[in-house]
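Everything quoted here is computed from the prediction, not taken from an experiment.
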Amino acid sequence: MKNKLVLIDGNSILYRAFFALPLLSNSKGIYTNAVYGFAQMLLKVLDEEKPTHLLVAFDASKKTFRHEKYEEYKGGRQKTPPELSEQIPFVHDLLDAFRISKYELENYEADDVIGTLSKQAEDENWEVKVITGDKDLLQLVSDRVSVALTRKGITDVDTYDPVALRERYGIDASQIIDMKSLMGDPSDNIPGVPGVGEKTALKLLKQFGSLETILNSIDEISGKKIKETLENNHDLALLSKELVTIDRNSPIEVSLNDVSYGNYDQESVVRLFTDLEFKSLLDRFEHEESEEAESDSKIDISFETVTELSSNMLKGETALIVEVMEENYHQAEIQGIAIVNETGKYFMTAEDACKSAEFKQWLNDETKKKITFDKKRAEVALGWQNIEIKGFSFDVLIASYLLNTTESRHDIAEIANRENITYVQSDESVYGKGAKRKMPEREALANHLIRKAQAVYELKDILTDKLEKNEQYSLFDQLEMPLSNVLAQMELQGIKVDIDRLKNMGKELDERLKTIEQEVYEEAGVKFNLNSPKQLGEVLFDKLNLPVIKKTKTGYSTSADVLEKLQNQHEIIPKILLYRQLGKLYSTYIEGLLKVVNNNTGKIHTRFNQVLTQTGRLSSIDPNLQNIPIRLEEGRKIRQAFIPSKKGWVIFAADYSQIELRVLAHIAQDEKLIQAFKEDMDIHTKTAMDVFHVAKEEVTPLMRRHAKAVNFGIVYGISDYGLSQSLSITRKEAGEFIDRYLKSFPGVKRYMDEIVQKAKSDGFVTTLLHRRRYLPEIKSRNYNLRSFAERTAMNTPIQGSAADIIKKAMIEMNNRLQSEKLETNMLLQVHDELIFEAPEHEIDKLKQIVPEVMEQAVELDVPLKVDYSYGATWYDAK
DNA sequence: TTCGGCGTAA
DNA sequence: TATAATTACGCCGAAG
């Protein structure tokens, strides 16, 4: 087959893409329009041209050999806009992901590289295509070289071969040089001959053939004026010609063989497009993967469908799939059971399984080891049917999460694929998604579950090795695995809800909302949807002409901080703020909670996601019980609807005091901070004393407030801007606070510096119990990404270690409640606090053991401190 | 369906 | 350099 070389003028296309597309950005605030356009163009080229060889050429340094001939070359050029230059690294990432060669040559321009390589390819009789936005390159057109010029947009091009060129300009490729030297080129600051444009240039060239002939035949030129300017600008025209001429023998260090194009690196492409949020482009690359998986899914895996299990099928460590298709596994149907172990592979319907005494006994036997994927799902789903499951030895989902918290896809198929196990399909491809999600035929289901079980069976050893290499096996086996059971119990237990109370609060809120709504319409003089930020923005800023404080991507910002600044400008504002506040309570916390109360138990059964956050915290969904209001009294009342499940019981709540700052004191080994906690000082007051250099008695409430904000900032990975926002002070003042803080607590300063360095050299940071977070972006050339990674390098060990500690406390608390034979139930975890329900007579015992267990969960160089309280409702446990 | 804006928690 | 605080979830309207 004949070779085909495609040469792309990198800078030119990048500029085109940047100006052709609106300034898009992804959710991280990185501009992506130029990369997007470039990627589009690239995909189109790969698709249409199917090159065997491909190179993207870039301009090298600012200075080129042309500057030696003509200093003003490319003078007057605008600097590259920063919105574009920040995208350049991503274009390089893009090319790397596609395994496409790129090249730039010191002292030369991309044109020269393209010119040289295209000549070499021509000599080899290859077909060549050049992609550019620059007409100069038309001079390369020949029988074997065609040039695609971007027309408008980025993928819309005109392609020139010698015929097309003659049609368009009436001249040959070689004459393009002469044309340009007559016309000049403002964008490159090439002078040309003043007064000569495209038309004149073409006319002269058609008549005389070349610049030199024109200059030598001045007498024959018709038109006095042209004659004169040509005479006067003789040298300038010749200089222009030199500048315009592409050097087709530049000393490039790449050869045609170096630029062969094979295939892209699918994983990198998907990763990059995901990061950049190129969802439309992503589709076709993810598809290919599933096609690949499908072909493997034809590999035959034989199994038995059984209606009863005998003990000789349940030997040795066994992979167990208890399939629950529903996303919410509470009271959900079990679809089927798959088992894989040394004796074979078995599928059972859920119905048969639940009837089987042998099976249930095996589930309940702690000595029969089970390998699972998402054991909490199985445990809770079975729990609702009063089937107990014990003896979990390895959970693939938890292991996968611990190995890489950044990875969001923890489907068995995904995890397996990463380990080159390709016979298992993704749940999505078997079940479908969204409205189309449905159960397949029994045989297809059995097949799928068996494959999952087989994959899980194989993955155990692979992932165990990895955990051990990372020194994470203990974190896995001693913390997350047992925690999962604790969480399952909490979820099954649920928290009782006073439905009437919620409904009454709802009624009252609803009435107030209607009133306020009417008032707002009157003030505005128009009816509109108050819940629509878009419509509200139009009313406030177009109709009422209030000053615009902040804008969002889509229009005016109407967020609370903006509205607060407008408080005194118009009477409508406080009303809107109140409407927002109450509306939030009504829709999210009254209606939202009522929707998820379980009809049978009268309780809310949340699900804790144990494998989601980047830091090791839990999260809670359906509903989220970790963000029930507390700050404002109005919202706090929602907590009155959370009650004990039995008469005469209480809600008991215990929280760690300043756990994150205590963790910081410990890991940073800051002597002053450690000392302050040892003396059990009020940490914000102490911070104020050190930062403002005053005695304890002189700390004003304002100083304490500022100190508190600084402490928050320190935990989050501080920036002067962030602090200035939260305190509404200037950046400079905020910067000074931070400086003074870091001088006062040198250990903290040292920690912040060292952790960033460590993250750079290791590629990840760790917590107290060896949880990891990888931070590849800490080496990024993009300021945004790098800064973000630096802040998370500082924050993750703090937030993550605090998460480790409370998780350990939860396991021990569960054991303790059992060993003390208490009836008390642990119900919720809210990052630094635990919520229980307890019979009255156990309160005294709890007052002792809860703080004890929580405070002794780990031993740090500072004491941990726990506060607690209790009452008739969650509200009263304050 | 999916995204952006907004607001709730630690 | 040019930007901006950590971790989450859910509701709504407005786009597709």
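Rounding to whole angstrom units, CD of residue Gln658(A) and C1' of dA10(B) are separated by 12 Å. Between the CG atom of Leu582(A) and the P atom of dG7(B) there is a distance of 13 Å, given to the nearest Å. Counting to the nearest Å, the C1' atom of dC9(C) and the NZ atom of Lys595(A) are 13 Å from each other.
By the 4.0 Å N-to-carboxylate-O rule, Lys637(A) lies close enough to Glu633(A) to be salt-bridged with it.
Between Phe642(A) and Trp874(A), the ring-plane angle classifies as perpendicular under the 30° and 60° cut-offs.
Mapping Gly722(A) and Gln535(A) onto DNA chain C via the closest heavy atom, the residue that lands nearer the 5' end is Gly722(A). Residues His831(A) and Tyr783(A) both approach DNA chain C. Their nearest nucleotides, taken by heavy-atom distance, put Tyr783(A) toward the 5′ side.
Stacking annotation: Tyr716(A) is not stacked on the base of dA5(C) (requires ring centroids less than 5.5 angstrom apart and an interplanar angle below 30 degrees).
Of the candidate nucleotides dA14(C), dC6(B), dC11(C), dC6(B) has the atom nearest to the side chain of Ser557(A). Listed candidates were dG13(C), dA10(B), dA5(C). Nearest to the side chain of Asp832(A) is dA10(B).
Among the heavy atoms of the strands, none lies under 4.0 Å from Asp655(A). Contact annotation for Ile621(A): backbone-only contact, meaning every heavy-atom pair under 4.0 Å involves sugar-phosphate atoms and none involves a base.
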